[in-house]
Amino acid sequence: MTQFSELGLAEPVLRALAQEGYDAPTPIQAQSIPSLLQGKDLLGIAQTGTGKTAAFALPILDRLSKTEGRTPKGACRVLVLAPTRELAAQIGDSFRAYGRFLNVRVAVVVGGVAHGPQIKAITPGIEVLVATPGRLLDHVDSGKLTLKHVDVVVLDEADHMLDLGFLPPIKRIIKMLPRDRQNLFFSATMPTQIGQLAGDMLSDPVKVSVTPVATTQERVDQSVYLIERTRKRQLLAELLDNPAFKRTLVFTRTKRGADRVARHLEANKISAAAIHGNKSQNQRERALNAFKDGQIGVLVATDIAARGIDVDGVTHVVNFELPNVPESYVHRIGRTARGGASGTAIAFCDEEERGLLRDIEKTTRQSIPVIDRRDAEAAAAEEAQSAEARETNRGRREGGGRGQGQGRGQGRGAANGQGRGNGRGNGNGGRNAGGNARRDGEGSRAAAGNRPERSSDRPARQSSQRRDGEGNANAQAEVNPALEKSRSRYKGGIKSSPANGRGNGPAGNAGSSDGRKRPVKRVDSDGNRRDRAQGDNSISSGLSFMGSTEERRAKGNGGNGARNANPQGKRGGANRNRNPRGPQSGGQPGGSGRANSSGKQSRRERA
């Protein structure tokens, strides 16, 4: 199809197109309009400036021309959601232009202006409502607008609308719409994740894609200037002195940056104005109209405003700062070369933005020509630093990571020369390898010439420990079993050597010369050793007169058993080696040390 008359549009719509000077549809229009005339849902992807607005506005106007009946008060038939005020105003103007021969009422509802005129426009009922999500919800919450009669809903710039910032209000608006409706999604870019979300909201949609995702127009001549950050404004003023820059758009990342650039250009006697979200709606409209009329030659804008700037005759687009999102680069340079014309896109790139430039080239699948405008000394230093970084990365790749070369923790190899998990050093030597391991990583943590070997002492020490263990085992076999529990419960006094031969008794002489720090003796609540076998106790071995634990619990602690109904021993007493934890069970050494005044048999005699 090469003519609009072949698409089956209504006669008033074709007459308006002829008056606007449009005869042939663009690719996105030729593929979208037939499906939309059939009432199907559609997901359309096309570059900025290819006619997406007319692709959904023309079939919607054709549908409204065939609809009978009047729209109820405070309602609308078609709802178009846009991310910015400028884009909403542009869409509203397109509906008015294409529907000039139809009895179609169009209203634009955006933030930044008074509510009164908008309420006055939507109260009688309108056919087409173009709105931003925030102000639309304000009118719905106030009861001035209802969405129960919406037949068609359109999301223009769907990737931006369904992003994190716009997703909650969009979901809330979708819940207010009737289920029986037609859904249209149009966007210049459609990331995979956003495409999946849009697919869930659409019902059996027809997907129309006339260009690959995130590709730039062929008629745009692109270039990148390598420049220091502090010299960007100077370079911009130098370029704008060229008479070829008749109508130029300059994009920055931040609102404050846009104001700074505009002030710098004004100081250099270059007519410029800034447009961003902090400006009021009237200020934005005045700046945009002055740019369209040619009163100013430079318009400085942010990414949020780039979506709604539709100005014919833009000769140059300058990316003063590269965008953080590669897709935004496509939107920026799409402001030029519109309607089949050609244009020029220039980008400034400093050292910190090199990564953003690589992401843009990867996303757009093209290499952008580079022009070096850096200072000679700065360029040389930067190239040297880049060469050093490349050499370091090459050394890392050749070294194979941690296992070879200059790995972290050099020489932590095991005795077999392999190292810990392929070796964190070179792994050419084990624990006893020669050489200076800390310097070249070819040895282990200690070399034979720098540290005395201890491997020869191990067999002797192990054999002495074995002998000591056997001696203690024989000694324990001769101990009176009746006193085993009594000895184990006593916590004070001097302990003899344990079974490992490191104690201070005769059995520990074999292990007392190793010079190592003796471990702390751990004792549980019952007096048992936790860390090693129970050794002999020189003091507790002489306490056989105390009897067994059961015997002392039954008869009490000596002569005090008759007077103490509770077998719990008293705190304090004559025994200074009592347990510091407090009262002990009946008759323990931590109990009372009173003399026997009851006249009964003493503990020694009883023993």
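Counting begins at 1 with the first residue of the sequence. Below, all heavy atoms of this structure are taken into account, side chains as well, without hydrogens, waters or symmetry copies.
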Kindly indicate whether a cation-pi arrangement holds for R15 with F101, taking the cut-offs as under 6.0 Å to the six-membered ring centre and within 45° of the axis.
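Yes, a cation-pi geometry.
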Quick one: sort the F95 and F56 rings into parallel, tilted or perpendicular, breaks at 30° and 60°.
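F95 and F56: tilted rings.
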Carefully, step by step, assess E86 and Q90 under the rule side chain to side chain donor-acceptor pair (under 3.5 Å).
CA-CA 6 Å; E86 288 75 22; Q90 172 190 328; over 6 Å; no
Partner residues of R260 under the salt bridge (charged side-chain N to carboxylate O under 4.0 Å, His left out) criterion, sequence neighbours left out
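For R260 there are no salt bridge (charged side-chain N to carboxylate O under 4.0 Å, His left out) partners, ignoring immediate neighbours.
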Pairwise distance [atom1]([X]) to [atom2]([Y]) - rounded to 0.5 angstrom:
X: L79; Y: D151; atom1: CG; atom2: CG; value: 11.5 Å
X: N289; Y: Q295; atom1: CG; atom2: CD; value: 8.5 Å
X: I91; Y: T84; atom1: CD1; atom2: OG1; value: 8.0 Å

Is it the case that more than 12 heavy atoms not belonging to N103 sit under 6.0 Å from its CG atom?
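Incorrect, the count does not exceed 12.
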Are there more than 12 heavy atoms of other residues, nucleotides or ligands under 6.0 Å from atom CZ of R256?
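12 or below, so no.
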Regarding Y329 and Q222, is there a side-chain donor-to-acceptor distance under 3.5 Å anywhere?
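Yes, because at least one side-chain N or O of Y329 sits under 3.5 Å from a partner of the opposite role on Q222.
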Would you tell me whether R284 and N282 have side-chain atoms, one donor and one acceptor, within less than 3.5 Å of each other?
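The criterion, which ignores hydrogens and geometry beyond distance, is not satisfied for N282 and R284.
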Answer yes or no: is there a donor N or O on one side and an acceptor on the other, between the side chain of [X] and the main chain of [Y], under 3.5 Å?
X: R100; Y: A97; value: yes
X: Q283; Y: S280; value: yes
X: E361; Y: I368; value: yes
X: D41; Y: N183; value: yes

Derivation and outcome, salt bridge (charged side-chain N to carboxylate O under 4.0 Å, His left out), residues R63 and E127:
CA-CA 11 Å; R63 178 172 179 168; E127 281 71 35; over 6 Å; no
Do V317 and V250 come within less than 4.5 Å of each other through their side chains, counting heavy atoms only?
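Heavy-atom side-chain distance check fails, nothing below 4.5 Å.
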Considering all heavy atoms, the nearest T254-T252 contact
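In terms of heavy atoms, the two residues are closest at O-OG1, 3.1 Å.
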